[in-house]
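Structure, as structure tokens:
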Amino acid sequence: MNTDALEGGEDDGYHAQGNRKYSPVGAQDRAVLEMASMDPGSSATASQSSIRKVRARTQGSMDSDGKAPDVVGGDNGPHREHKLELFGFDSLVNILGLKSMTQEQVLAPSSPRDNEVVSITGGDPTPSGVKMGTMMGVFVPCLQSILGIIYYIRFSWIIGMGGIMDSLLLVSLCGLCTFLTGLSLSAIATNGAMKGGGPYYLIGRALGPEVGVSIGLCFFLGNAVAAALYVLGAVETFLKALPSAGFFTETSTKVNGSVSKPIQTISTHDLQIYGLVVTVILCIIVFGGVKMINRVAPVFLIPVLLSVLCIFIGIFMAKKDDPDTGITGLSADSFKDNWDSMYQNTNSDGIPDRDGKVYWNFNALVGLFFPAVTGIMAGSNRSASLKDTQRSIPVGTLSATLVTTLLYLVSVFLFGAVANREKLLTDRLLTATIAWPFPVLIRVGIILSTLGAALQSLTGAPRLLAAIANDDILPVLNCFRVADTSEPHIATLFTTVICMGCVVIGNLDLITPTVTMFFLLCYSGVNLSCFLLDLLDAPSWRPRWKFHHWLLSLLGALLCVVIMFLISWLFTVVSLALASLIYYYVSIKGKAGDWGDGFKSAYFQLALRSLRSLGAKQVHPKNWYPIPLIFCRPWGKLPENVPCHPKLADFANCMKKKGRGMSIFVNILDGDYHECAEDAKEACKQLDTYINYKNCEGVAEIVVATNMTEGFRGIVQTMGLGNLKPNIVVVRYPEIWRRENLKEIPTRFVGIINDCIVANKAVVIVKGLDEWPNEYQRQYGSIDLYWIVRDGGLMLLLSQLLLTKESFESCKIQVFCIAEEDSDAECLKADVKKFLYDLRLQAEVIVITIKSWDVEGGSQQDDSIEAFNDARKRVASYLAELKEAAKREGTPLMADGKAVVVDEQQVEKFLYTTLKLNTTILRYSRMAAVVLVSLPPPPINHPAYCYMEYMDLLVGNVQRLLMFTVRFTLKFQLWGSKPVSHSCQLGLSAFPL
């Protein structure tokens, strides 16, 4: 039975609740202009967001003849298809590994795109093709990739140069490195499904997209260069077998300075010509028949195995000078003579020459031999074609590693005992010379194995590059993106060009160190991935391969790095620099991706440990950092798709030193939680996009509550963890509260201040937020501080933080203190200067006495007096209404839903004091860049309307003002100072509140 598609309703986006008639901030308002540059397409909160379609397609019953009904085919073969996603439940099932309980095929985890419909297949899927087991799927490809050109044409020469002892050490060192890497690879590969990309996929999902892309691109270059290595090896073997095929002939007659018989060497030009031709032919084959190559490639292993058998038979049948001069047969004397090393100079072809420019030592031999142990990733690259990935990759990879390492160790003893040192150093194809009964089979085996390995490299490298491009992390690689079933033709051409460039070099010994560095870098990434995952031991880390430990992975990573420096510190630095440049480029230009990597888990655990170490006790003043909670609830409407006031993030950045710190942006959505949960999620995404756009380090939170008061009380009580709770609440001053006749604003605004005081949090009220400068608007003048009540040094702290910003760095600080008598002025000024000197702060101190607080004549006085008289009339009218209501209802004086006590003379005094403070600010700080004023908290049992009148009279005609309200028990401290002493706050009681 097929069910119809269930269409989700449209989300109307995040809008202000209620029918309040706020005057909107215009789209052309200066504070909103910069928001217009935001790309709405990049935001996750478009005005219309559709819920993902949920489709279910199930099969009713079987046909009458017992045959299964028709099914829908897919990439993995015919199967019943149903697309189902309910509240992310399928993602949870994927993570917990419970798909097998529902008999559904688990799709590999990836980075889902926006509006993507996730398909989950159900039923018992039938494989689309023949799946390979451990032998043909992993062991044979690994063996073919590992056992190749180096063993045939360089291994005997390595034994002659390094001796048996150093050769054993060399094979053991390289074999241990790949074996430990194989253990790490087995653990990661058995911890979940694998997609295309091989080691890139494993490293990227373990260490993050930046590290994955940087190491993945280096591994791609390593494979492309390795293809050139195999091509040159095949051409060199061909020219050795048929010297007449060469266009150029070169001979060497020197062996350690003594004249010997002429030794014909292969010309570099011949290697270049034939190498380019072979590369073009391989590229054509890759374009025309990739599937055929994958089927025929294992057959190439048969000549290799036969050739190895012929070599071993020939070694045991060899006699003195038979089949060639220098062959001693298995001789104890030869074994003894070849035990020690004989490092010396050679020419570019490896022929010993005292005047040669190339000097060989153990480190150089490591770089030459290491490509002979690479290839352990061949099985992981075929994960999609394996029957049982969890079993085949560990068993096949480690078996191939152990078999080849054992083969190399045995070959060291046999080659070291079968020929003298001169023969080992001069006969590059000693394996063909000694093979019996078909020496020509060695050359055929070399050519077929190297060509097969080259085809594998030219086939795998483009797919690796396409997998990196398909993850859409690096935009510059978009030209290499392909569909899942398409061939990466552009990536293949790019790989061929790199391969041809390396072929032009024509020197096998110069290419092998490059390949070695890229492969070692990849292996170290695999080991580090397993080390990090094993050390963190997250709940999702449950590999089926149990033979692993973080110490072994760390040892493998260190061994890779040591081998890199042993080979060449210059090549190591260059490769690490290349990977670092790619990492830096990806971190800047790349798109953000969250794959649940190990670094995120490490950050999480580090955060938990740090939080536990901080404890729940009050933070010491020396360790106090501002953690502002930015309240984004607008007092008026904002333009559509603008989550909060555009300048809030600019102000939040000014409260941090050098951008360090965390801000919490919160908003409250009125309504029922069950009905508004989805709206809150969309609003949170939109607010988070705004924070990222403004380059502000912070997090976004949306709380659904029945009203703003209850929502804010919940926020101020529960926001944060332990000592990482916000300690400063930033609120925009509601300048429209009286202009729009919104009587509920005073109650809510004053309630926010009181809630913060009860929660022991400082309150910063910003007036003139529309005029707040951004990082590019430089300010001049002064930052004026008016010390009215004790604030524990908060104003000084924030004024210093303002000076660290480019927009305020040209300003100076002025501290205004209020003294009751003229006789106290000099004492207060001296105390404050001493206090500022101890804090290493430069500020001008100005003391104002109450007697000199009288306003002077002029237009400012007229305006202030007019505002004062208007405020008196409004307060008197408001109090008269309260008294009339109380008299009519027979209740005590009630305001804001509670009983209040009002002393009209005290109210008059409050208004007059506020008037004098406003006049003083206008007299001394009219040209200030910003004014900071510390205010007392709202009086207890005092009407909120009256307090709003006091504040409104205070901020009148002041362009940019910050008002601070701090509970007296709250302490702050500047860097490296002692707490603010009470002697420095002599005038703080002048404010009559």
Side-chain angles (χ1 to χ4, degrees), residues 148-175 229 232-233 236-237 240 252-258 260 263 265-266 311 315 324-328 331 333-373 405 407-434 446 507-516 563 565-568 571:
I149 184 66
I150 300 297
Y151 178 77
Y152 288 103
I153 66 177
R154 290 293 185 270
F155 194 61
S156 59
W157 183 91
I158 290 174
I159 297 173
M161 183 65 68
I164 298 175
M165 181 176 63
D166 285 5
S167 298
L168 291 175
L169 178 61
L170 173 65
V171 173
S172 301
L173 182 67
C174 297
L229 171 68
L232 289 176
E236 183 175 342
T237 305
K240 276 285 186 178
S252 176
T253 58
K254 283 188 177 182
V255 177
N256 285 334
S258 60
S260 178
I263 301 174
T265 59
I266 300 174
I311 292 172
I315 289 176
D324 196 5
T325 304
I327 303 297
T328 62
S331 171
D333 294 335
S334 298
F335 186 88
K336 182 179 180 180
D337 294 338
N338 294 329
W339 177 258
D340 295 325
S341 61
M342 186 177 289
Y343 298 116
Q344 55 190 304
N345 293 339
T346 66
N347 58 19
S348 58
D349 294 319
I351 304 300
D353 186 354
R354 292 179 180 177
D355 299 329
K357 298 181 180 179
V358 181
Y359 178 76
W360 292 91
N361 53 23
F362 181 80
N363 297 349
L365 292 184
V366 173
L368 179 61
F369 173 74
F370 194 84
V373 297
T405 302
L407 174 64
Y408 289 147
L409 291 174
V410 173
S411 299
V412 169
F413 289 101
L414 297 180
F415 283 126
V418 79
N420 58 33
R421 192 178 297 272
E422 180 180 350
K423 185 64 175 178
L424 294 174
L425 291 174
T426 56
D427 192 351
R428 288 292 188 93
L429 281 177
L430 179 63
T431 54
T433 302
I434 205 171
I446 294 174
N507 192 327
L508 198 64
D509 297 333
L510 293 179
I511 294 178
T512 48
T514 307
V515 177
T516 302
I563 292 177
F565 279 98
L566 283 178
I567 296 171
S568 172
F571 275 96

Close side-chain approach of [X] to [Y], heavy-atom, < 4.5 Å:
X	Y	answer
V412	F155	yes
R421	N338	yes
S331	N420	no
Y151	L407	yes
L229	P371	yes
K423	I327	yes
V373	Y408	yes
W157	L365	yes

What's the shortest heavy-atom distance between [X] and [Y], and which atoms?
X	Y	answer
S341	G162	CB-O, 3.1 Å
M161	Q344	SD-N, 3.7 Å
T328	A417	OG1-O, 3.6 Å
I351	L425	CD1-O, 4.5 Å
S172	L409	OG-CD2, 4.0 Å
S167	G163	OG-O, 2.5 Å

Please evaluate residues W360 and L368 with respect to the criterion side-chain contact (heavy atoms from CB on, under 4.5 Å), reporting the C-alpha separation (whole Å), side-chain torsions for both, the decisive distance (0.1 Å), and the verdict. CA-CA 10 Å; W360 292 91; L368 179 61; 4.1 Å; yes
Side chains of D427 and T433: donor-acceptor distance under 3.5 Å anywhere?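 Their side chains do contain a donor-acceptor pair, which is all the 3.5 Å distance test asks for.
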Which of I311, I164, V410 passes side-chain contact (heavy atoms from CB on, under 4.5 Å) with F415? Answer is I311
- [ ] Using the side-chain contact (heavy atoms from CB on, under 4.5 Å) rule, take L566 and L173 through it: C-alpha gap first, then chi angles, then the decisive distance, then the call.
- [x] CA-CA 11 Å; L566 283 178; L173 182 67; 4.3 Å; yes
CG (L430) and CG (L424) are apart, to the nearest 0.5 Å, by 6.0 Å
### Task
For the pair F413 and L168, evaluate side-chain contact (heavy atoms from CB on, under 4.5 Å) and give the outcome as yes or no after the intermediate values.
CA-CA 9 Å; F413 289 101; L168 291 175; 3.6 Å; yes
| When the aromatic ring centroids of Y343 and F362 are compared, is their separation below 6.0 Å? |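 Distance test on ring centres: not under 6.0 Å, no.
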